[in-house]
Amino acid sequence: MPFNLSLTEREAAGLKRSLPVIERVLGRQLWADGKGYLNFAGNDYLGLSQAPELGAAAEAAAREFGVGAVASPLVVGHQAIHRELESELADWLGLEAVLLFSSGFSANQAVIKTLLGKTHWQWQDRLNHASLQEAGALSPARMQRFAHNDLAALAAKIRPGAGLIVSEGVFSMDGDQGDWHGLAQVAEQSRNWLMIDDAHGLGVLGKQGRGTLSEQGVAADKVQVTMGTFGKALGVSGAFVGGSRALIEYLHNHARSYVYSTHLPPPQAAAILAAVRLVQEADDQREQLRERVRQFRDGVASLPFELLPSATAIQPLIVGDESRTLAMAAQLRELGCWVGAIRPPTVPTGSARLRITLSAAHTRADIQRLVDALHRSLPR
Ligand SMILES: Cc1ncc(COP(=O)(O)O)c(C=O)c1O
């Protein structure tokens, strides 16, 4: 057989992944194996996936336009609803233009593989998401990774005017934020471009939920490439890349994952548009989320694990050992709380963790139940 399909090594190291079948997810709750759980593993940070406005918009668009775009954007897939969404997104975020993608994974591939050639360099934070790192590895540009959030390490590697610095707004497995004033300064001084992946900051942070740059008071035009996703705080799925009109025009001419892929289904675009409108008005939900984060952090402060210093919806509890992490997640499930157990290679060896995600949809009682369950599930 020409392929090695063995998973023995992963199994022996306790790193084999299984694919759970979830019967139903309804925001703060999910059902699997006929049992109900509180959901602390999703990315629906504001609870918008359950907002009736999104469902109604999707239903109406399905009736009016059908359920599929039925073509790639440059053929006949790019419809008025897509254009309306692009225009409202650009206005909300203060971007000249945006381009829609069916996933954040493909958006990141598009930017990095399309912009960079073999004479270029890219500098990526070591904890960047797999989609960024994989795009970096596949692009012909040389890639250097710098220590997480270490601007001195970045400055030591940087070459003037040679490429793209890439980092995240809110890091997906750690919940902390990049230092965007510092990154913008390094980029400006070295005459390089800067790209933010704000998958986890969009909707949650900043004025009207505009994201990490707004939260940190960094002007959108300091960052040449902005990428955000619709599958987290916006409660749907899909992604966009935003920046100058020239950048967006270049991408829609050259990015293969854009040009050669069926466009977002109109009901999805309509639901995202409804989410973009709601999220700007969602200050109450953002405050509620912050309140739940405070309650959670106070409740677990005495646990014998490191709780990473995160002020966002992502609250990782570092257990370290992989099998211990799995055992705790299983015990939490017994107690009715569904929490992600994240192991290498998704996170560095020795830092297996419970990735706990909170949402404005959680009640105070939900958080208390999780805190109690965590105290009860400590390994003995
Ligand atoms: C930081 C980050 N970037 C990109 C992605 C990929 O986005 P999508 O799920 O839309 O493919 C994710 C998560 O899935 C992410 O956490």
Work out which heavy atom in Arg333 is nearest to a heavy atom in Tyr37; give both atom names and the distance.
O-CE2, 3.3 Å

Have Ser131 and Gln109 got a donor and an acceptor in their side chains that come within less than 3.5 Å?
no

Is Leu89 linked to Val225 within one hydrophobic cluster, defined over Ile, Leu, Val, Met, Phe, Trp and Tyr using a side-chain heavy-atom separation of less than 4.5 Å?
no

Taking all heavy atoms of Glu23 and all of Asp33, pick out the closest pair and write down the distance.
OE2-N, 2.9 Å

Contact between Arg369 and Leu335 at the side-chain level, heavy atoms closer than 4.5 Å - yes or no?
no

Check: Leu317 and Glu306 side chains under 4.5 Å, non-hydrogen atoms
no

Side-chain heavy atoms of Trp180 within contact of Ile196, under 4.5 Å
yes

Would you call Arg17 and Glu322 a salt bridge, using N to O less than 4.0 angstrom?
no

Counting heavy atoms not belonging to Glu188, are there more than 12 under 6.0 Å from its CD?
no

For the atom pair CZ (Arg324) and CG (Leu354), what is the distance rounded to the nearest 0.5 Å?
11.0 Å

Any side-chain to backbone donor/acceptor pair from Gln29 onto Gly36? Under 3.5 Å, distance only.
no

Closest approach of Ala239 to Met227 (non-hydrogen atoms, all atoms of both residues)
CB-CE, 4.5 Å

Verify the distance criterion only: is there a donor paired with an acceptor across the side chains of Ser323 and Asp321 at less than 3.5 Å?
yes

I'd like to know if Ile314 and Leu307 are part of one continuous hydrophobic network [Ile/Leu/Val/Met/Phe/Trp/Tyr, side-chain heavy atoms within less than 4.5 Å].
yes

Could you check whether any side-chain N or O of Thr114 sits under 3.5 Å from a backbone N or O of Ala110, counting only pairs where one atom can act as donor and the other as acceptor?
yes

With Gln288 via side-chain hydrogen bond (donor to acceptor under 3.5 Å, both in side chains) - residues at least two apart:
none

For residues Leu93 and Leu202, determine if any side-chain heavy atom of one lies less than 4.5 Å from a side-chain heavy atom of the other.
yes

Any chance you could lay out the side chain to side chain contact (heavy atoms under 4.5 Å, CB included) test for Thr262 and Ser72, step after step, and finish with the verdict?
CA-CA 4 Å; Thr262 303; Ser72 57; 5.7 Å; no

Tell me the closest heavy-atom pair linking Val67 and Ala62, and the distance in Å.
CG1-CB, 4.1 Å

Is the backbone N or O of Gln216 less than 3.5 Å from a side-chain atom of His181, with the two atoms forming a donor-acceptor pair by type?
yes

Does Leu46 belong to the same Ile/Leu/Val/Met/Phe/Trp/Tyr cluster as Leu54, with side-chain heavy atoms less than 4.5 Å apart forming each link?
yes

Can you tell me if Gln280 uses its side chain to pair, donor with acceptor, with the backbone of Val276 under 3.5 Å?
yes

Got a donor-acceptor contact below 3.5 angstrom from the Gln295 side chain to the Arg364 backbone?
yes

Any side-chain heavy-atom pair of Met195 and Val111 under 4.5 Å
yes

Hydrogens and angles aside, do Gln285 and Glu287 bring a side-chain donor and acceptor to less than 3.5 Å of each other?
no

Donor-acceptor pair, Ser310 side chain versus Asp176 backbone, under 3.5 Å?
no

So, does His254 use its side chain to make a donor-acceptor pair with the main chain of Leu251 at under 3.5 Å?
no

Tell me if the aromatic rings of Phe40 and His362 count as close, with their centers under 6.0 Å from one another.
yes

Roughly how far, to the nearest 0.5 Å, is CG of Leu289 from CZ of Arg294?
10.0 Å

What's the spacing between His78 NE2 and Arg83 CZ if we round to 0.5 Å?
4.0 Å

Please assess Glu215 against Arg286 for the test salt bridge (charged side-chain N to carboxylate O under 4.0 Å, His left out), listing each intermediate value before the final yes or no.
CA-CA 12 Å; Glu215 174 82 11; Arg286 281 184 279 275; over 6 Å; no

Determine whether Asp44 and Lys232 make a side-chain contact, defined as any pair of heavy atoms from C-beta on separated by less than 4.5 Å.
no

Are Arg126 and Phe146 close enough that some pair of their side-chain heavy atoms sits under 4.5 Å apart?
no

Taking the ring centre of each residue, are Phe171 and His148 less than 6.0 Å apart?
yes

Is Lys157 atom NZ crowded by more than 12 heavy atoms from other residues, nucleotides or ligands, each under 6.0 Å away?
yes

Give the C-alpha distance, both sets of side-chain angles, the deciding distance and a yes or no for side chain to side chain contact (heavy atoms under 4.5 Å, CB included) between Val241 and Val98.
CA-CA 5 Å; Val241 174; Val98 305; over 6 Å; no

Has Asn149 got a side-chain atom pairing as donor or acceptor with Gln177's backbone, closer than 3.5 angstrom?
yes

Derivation of the side chain to side chain contact (heavy atoms under 4.5 Å, CB included) call for Glu168 and Leu132:
CA-CA 10 Å; Glu168 292 188 22; Leu132 293 166; 4.2 Å; yes

Of all the heavy-atom pairs spanning Pro348 and Leu127, show the shortest one and how long it is.
CG-CD2, 4.2 Å

Does a donor on one side chain sit under 3.5 Å from an acceptor on the other, for Asn108 and Asp197?
yes

Single-linkage hydrophobic cluster, 4.5 Å side-chain cutoff, Val218 and Leu194 together
yes

When you compare the side chain of His82 with that of Leu264, does any pair of heavy atoms fall below 4.5 Å?
yes

Should Leu205 and Leu213 be marked as a side chain to side chain contact (heavy atoms under 4.5 Å, CB included) after you check the CA-CA gap, both sets of side-chain angles, and the distance that decides it?
CA-CA 9 Å; Leu205 298 177; Leu213 297 179; over 6 Å; no

Out of curiosity, Ile272 CD1 to Phe240 CZ, how far, rounded to the nearest 0.5 Å?
10.5 Å

Determine yes or no for a side-chain-to-main-chain donor-acceptor pair under 3.5 angstrom, with Asn128 supplying the side chain and Gln124 the backbone.
no

Asp372-Gln368 side chain donor-acceptor pair, cut-off 3.5 Å:
yes

Could you report the tightest heavy-atom contact between Gly169 and Asp198, atom names first, then the distance?
CA-OD1, 3.4 Å

Measuring from Ile22:CD1 to Arg24:CZ, what's the distance to the nearest 0.5 Å?
13.5 Å

Between Gln268 (side chain only) and Ser237 (backbone N and O only), is there a donor and an acceptor less than 3.5 Å apart?
yes

What residue among Arg353, Arg297, Arg355 forms side-chain hydrogen bond (donor to acceptor under 3.5 Å, both in side chains) with Gln315?
Arg297

Kindly work out whether a path of hydrophobic side-chain contacts (I/L/V/M/F/W/Y, heavy atoms less than 4.5 Å apart) joins Val300 to Trp338.
no

Ring pair (Phe, Tyr, Trp, His ring centres under 6.0 Å) contacts touching residues 87-112 (sequence neighbours left out):
Phe101-Tyr258

Interatomic spacing from NE2 in His129 to OG1 in Thr346 - rounded to 0.5 Å
8.5 Å

Under 6.0 Å from the six-membered ring centre of Trp123 and within 45° of its axis: does the NZ or CZ of Arg145 meet both?
no

